[in-house]
Amino acid sequence: MREWTMQKPLRTRSVGGTLALGQMICELLPAPKLVVLRGDLGAGKTTLVKGMAAALGAHVDEVTSPTFTLVHEYAGRKTRLIHLDLYRLEREEEIEGLGLWEMADAADALVVVEWGDKFASVMERADAEIAMGQGEIKNERLFEVRWR
């Protein structure tokens with residue numbers, strides 16, 4: 001796996017803060033990018049994606065976790081946000097069937113993948129990863145953004 005060359009720790013203490021952080025991340029990691037989200041269930045991954053969608057001009061009310069559908073796409077003003085959840089996949093071959101590499105190669109797409117760290121091929125192609133975790137107080141979330 002390639003090494004990350006840049007790194008930034010961040011923290012939020014509310015849902016609103018996580019939404020705002022999603023907007024900032026779109027500025028930090030503009031499309032085209034393949035971004036892996038790491039974090040346990042309930043870490044705030046979908047909330048972060050809602051903030052990213054808002055920054056791109058997509059309808060945030062439509063943003064939900066793609067756990068069962070695997071892929072959701074949101075049309076922004078100039079950039080598409082493609083949100084995938086690979087939690088239910090078990091083999092590398094299943095990724096090929098999703099068309100992930102074609103999505104990641106699209107010049108107008110910011111591709112955000114939950115549970116992508118389960119697959120070496122996804123991590124090798126990733127431009128960035130965002131590790132998320134619970135902080136010490138209620139609603140506090142810790143983020144480690146790494147990119148190359």
Undergrad: Evaluate the criterion side chain to side chain contact (heavy atoms under 4.5 Å, CB included) for residue pair E62 and H72; output intermediate values, then yes/no.
TA: CA-CA 9 Å; E62 299 172 3; H72 287 167; over 6 Å; no

Undergrad: Which heavy atom in F143 sits nearest to a heavy atom in M132, and how many Å separate them?
TA: CE2-CE, 3.2 Å

Undergrad: At what distance, to the nearest 0.5 angstrom, does CG of L70 lie from CG of L86?
TA: 7.5 Å

Undergrad: Can you name the nearest heavy-atom pair linking E144 to P9, along with the distance?
TA: OE1-CB, 3.5 Å

Undergrad: Do L100 and E94 pass the side chain to side chain contact (heavy atoms under 4.5 Å, CB included) test, and can you show the C-alpha distance, the side-chain angles, and the key distance before you say yes or no?
TA: CA-CA 10 Å; L100 176 57; E94 293 174 293; over 6 Å; no

Undergrad: Does any non-hydrogen side-chain atom of V122 lie less than 4.5 Å from one of E129?
TA: no

Undergrad: Hey, could you give me the CD1/CG distance between I130 and L21, rounded to the nearest 0.5 Å?
TA: 7.5 Å

Undergrad: Would you give the length of the straight line joining atom CZ of R11 to atom OG1 of T18, rounded to the nearest 0.5 angstrom?
TA: 12.0 Å

Undergrad: Counting C-beta onward and ignoring hydrogens, is there a side-chain heavy-atom pair between L29 and D127 closer than 4.5 Å?
TA: no

Undergrad: Mind checking side chain to side chain contact (heavy atoms under 4.5 Å, CB included) for E73 and listing every partner two or more places apart, or none if nothing turns up?
TA: R80, I82

Undergrad: Please name the residue in the list L110, L81, T79 that meets the side-chain contact (heavy atoms from CB on, under 4.5 Å) test with C26.
TA: L110

Undergrad: Main chain of K45, side chain of R141: is a donor-acceptor contact present, judged purely on distance under 3.5 Å?
TA: no

Undergrad: Please determine whether residues V112 and W115 belong to a single hydrophobic cluster, defined as Ile, Leu, Val, Met, Phe, Trp and Tyr linked transitively by side-chain heavy-atom distances below 4.5 Å.
TA: no

Undergrad: Is there a side chain to side chain contact (heavy atoms under 4.5 Å, CB included) between M6 and L28 once you walk through the steps?
TA: CA-CA 11 Å; M6 304 290 289; L28 189 64; over 6 Å; no

Undergrad: Are I25 and L56 co-members of a hydrophobic cluster defined by side-chain heavy atoms under 4.5 Å apart?
TA: yes

Undergrad: Would you please classify the geometry between the H83 ring and the Y74 ring as parallel, tilted or perpendicular, with 30° and 60° separating the classes?
TA: tilted

Undergrad: State the CE-CE distance between M52 and M24, to the nearest 0.5 angstrom.
TA: 10.5 Å

Undergrad: Quick check for you: to the nearest 0.5 Å, what is the distance between T67 atom OG1 and L84 atom CG?
TA: 11.5 Å

Undergrad: Quick check: do V49 and L37 have side-chain heavy atoms less than 4.5 Å from each other?
TA: yes

Undergrad: Classify the side-chain pair N139/S14 by whether it contains a donor and acceptor separated by less than 3.5 Å.
TA: no

Undergrad: Please give me the minimum heavy-atom distance between A120 and E92, naming the atom from each residue.
TA: N-OE2, 3.2 Å

Undergrad: Is the number of heavy atoms from other residues, nucleotides or ligands within 6.0 Å of CD (E90) greater than 12?
TA: no

Undergrad: Flag the pair W147 / K8 as yes when at least one side-chain heavy-atom distance between them is below 4.5 Å, and no otherwise.
TA: yes

Undergrad: Any side-chain heavy atom of L89 sitting closer than 4.5 Å to one from L98?
TA: yes

Undergrad: Dump the intermediate steps for side chain to side chain contact (heavy atoms under 4.5 Å, CB included) on T46 and E114, then the final yes or no.
TA: CA-CA 9 Å; T46 301; E114 295 186 32; 3.9 Å; yes

Undergrad: Taking all heavy atoms of L34 and all of W101, pick out the closest pair and write down the distance.
TA: CD2-CZ3, 4.2 Å

Undergrad: Which atoms form the tightest heavy-atom contact between S121 and I95, and what is the distance?
TA: OG-CD1, 4.1 Å

Undergrad: Quick check: closest heavy atoms across M103 and V111, and the distance to 0.1 Å?
TA: O-CG2, 3.6 Å

Undergrad: So, does Q134 use its side chain to make a donor-acceptor pair with the main chain of E140 at under 3.5 Å?
TA: yes

Undergrad: Under the criterion side-chain contact (heavy atoms from CB on, under 4.5 Å), which of V15, V63, T12 is the partner of T47?
TA: V15

